[in-house]
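No experiment lies behind these values; they were computed from the predicted model shown. Computed from heavy atoms alone, side chains included, the values below leave out hydrogens, waters and symmetry copies. Here, residue 1 is the first one in the sequence, and each next residue gets the next number.
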Amino acid sequence: MKKLFLIPLFVFAVSANAQDTKKSFSFSLEQAINHALTNNYSAINAGRDIEVSKEKKWETTAAGLPQINAGVDFTNNFVLQKSVVPAEFFGGAPGTYAEVAFGTKYNMVAHSTLSQLIFDGSYIVALQASKTYLKYYQNAKQKTDVEIKEAVINSYGNVLLAEESIAILEKNKATLEKTLSDTNATFKNGLIEEESVEQLQITLTSINSTLNYNKRLVEVAYKMLKITLGITIEDDLTLTDKLDNLTASNLDLTLAKTDFVITNNVNYQMALNFQEQRQLELKLQKSKALPSLSANANFGYTAYKDEFQFFTKNQNWFNYSNIGVNLNIPIFSSLARSSRTQQAKIALDQATTQLSETEQKIKLQYSAAKSDYEFSVEEYATAKSNLNLVERIERKQQIKFTEGLSSSFDYNDAQRQLYTGQQNYLKSMVEVINKKAALEKIINK
């Protein structure tokens, strides 16, 4: 009985804990973008890539700084190696040999080494490459941020589109239900044919189906936006911007008329960075033909014992120390270095060609994005004008249908035009927002 009592108590505790961890957010579009740039999963990892590249840069720098290593070596000579010497050294017969074992059973060495790189062309190039490596990931972070901004704008707009569609469909549904009720009453009085009622019922069924679809769609759209923002799909999210206000703020044709500076485009910057990497790789291969110079200093103590008593007071430790310089001069590699240099030169030529190709593609993308944005603004104006027309046509047909001056087919056509005009208008607003975001992505605004 006690166990049965604990089960619902445990379930309640888990449920209460889940509610405590659930968060609520309220964002305008600008606030949503700022939140995503900090909390989006890709943005977080892109920031970590920069931190790793900074550590890599220091790792490369440290390779040319003083290096100190220390260690202890212990040897147990459980079978000493033997040699033979003339026996007459020990009073034996001439011409005979005696076996002698040199050494002690235990040896221990404590040592330390200080090394310093004095000159190496590869190290100098590596320092330059580490800066390019860091710059690459900084550009990658910038590209991630630009893509996240566009994704937030698109997802935010999709949510508003779904919500506006639901609001319009519910309004259309309420209007149609009233018309259907009035038409049904008229039919019962024998003033119109049953076909008029059935036609309205078909339209109402279609609206209900579309409304249910959009209600499911808005749930998915919210979840997609939450993931883009870097919050859990269980959190509550409220959007404070309205679709018409966002559209009005994005109607800026002067943006498409500004001069396009291709060097601001992050894809161009990354292609340029790739070319710089290839230049450094070529420089690296050439530097391998230069001599390298390093120095080292060694210091240590050695002890010998037939019994393991190295830490007693009477143990003798013999110190040693030395300094050395190492000069390495490449002379002949059977043309291997030349081959690697030529490979690096070809890779640089490829990167230069890719940079030119990237430049042309970006210019084409800019022209297309500019054209798409200008077209979306024109389509928005057209859709807004058409919506006013179809609303007036639908109202006139509704009055005529109610007064028996128009058929149900004419009224149904007017309704379809109205519903299509409403959806086209909503989509045109979202297109203005999305196309401007695509254009800003290319010009890196």
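Side-chain contact between Asn444 and Gln142 is present, with at least one heavy-atom pair separated by less than 4.5 Å. The closest side-chain heavy-atom distance from Asp120 to Asn328 is not below 4.5 Å. Using a 4.5 Å cut-off on side-chain heavy atoms (C-beta onward), Leu229 and Asn39 make no contact. The shortest distance between side-chain heavy atoms of Ile233 and Tyr222 does not fall below 4.5 Å. Residues His111 and Asp73 form a side-chain contact, since some pair of their non-hydrogen atoms from C-beta on lies under 4.5 Å apart. Contact annotation: the side chain of Asn158 never approaches that of Met224 to less than 4.5 Å [non-hydrogen atoms, C-beta and beyond]. Looking at Glu440 and Lys149, their side chains come closer than 4.5 Å, going by heavy atoms from C-beta outward. Side-chain contact between Lys173 and Glu177 is present, with heavy atoms from C-beta onward closer than 4.5 Å.
Remark: Lys427 does not engage Glu431 in a salt bridge, criterion side-chain N to carboxylate O under 4.0 Å. Ion pairing of Arg48 with Glu51 is absent here, as no side-chain N (NZ or NE/NH1/NH2) approaches a carboxylate O to less than 4.0 Å. The pair Lys141-Asp145 meets the salt-bridge criterion, since a charged nitrogen lies less than 4.0 angstrom from a carboxylate oxygen. Using a cut-off of 4.0 Å between Lys/Arg side-chain N and Asp/Glu carboxylate O, Glu219 and Lys215 are scored as not salt-bridged.
Distance alone, capped at 3.5 Å, is enough to place a donor-acceptor pair between the Asn212 side chain and the Asn208 backbone. Within the 3.5 Å criterion, the main-chain N or O of Asp241 finds a donor-acceptor partner in the side chain of Tyr156. Put simply, the side chain of Ser385 never gets that close to the backbone of Ala381: no donor and acceptor are under 3.5 Å apart. With hydrogens and angles disregarded, a donor-acceptor distance shorter than 3.5 Å links the side chain of Lys226 to the backbone of Asp235. With Ser371 contributing its side chain and Ser367 its backbone, the two residues share no donor-acceptor pair below 3.5 Å. At distances below 3.5 Å, at least one donor-acceptor pair connects side-chain atoms of Asp306 with backbone N or O atoms of Lys105. Counting only distance, with no hydrogens or angles, the side chain of Ser206 and the backbone of Ile202 share no donor-acceptor pair below 3.5 Å. A distance-only check finds no donor-acceptor pair linking the side chain of Ser339 to the backbone of Leu335 [under 3.5 Å]. Under a 3.5 Å cut-off, the side chain of Thr358 and the backbone N or O of Gln354 do form a donor-acceptor pair. Formation of a donor-acceptor pair under 3.5 Å by the Gln81 side chain with backbone atoms of Val79 is not found in this model.
Among the candidates Val430, Asn424, Leu251, the single residue satisfying the side chain to side chain contact (heavy atoms under 4.5 Å, CB included) test with Tyr380 is Leu251. The residue from Val432, Ile433, Leu426 that alone fulfils the side chain to side chain contact (heavy atoms under 4.5 Å, CB included) condition with Met429 is Leu426.
The OG atom of Ser287 sits 10.0 Å away from the CG atom of Leu282 when rounded to the nearest 0.5 Å.
Between Phe310 and Phe308, the ring center distance clears the sub-6.0 Å criterion.
The nearest pair of heavy atoms linking Ile443 to Asn264 is O-CB, 4.0 Å.
Applying the side chain to side chain donor-acceptor pair (under 3.5 Å) rule to Ser428 yields no partners; only residues at least two apart in sequence or on another chain are considered.
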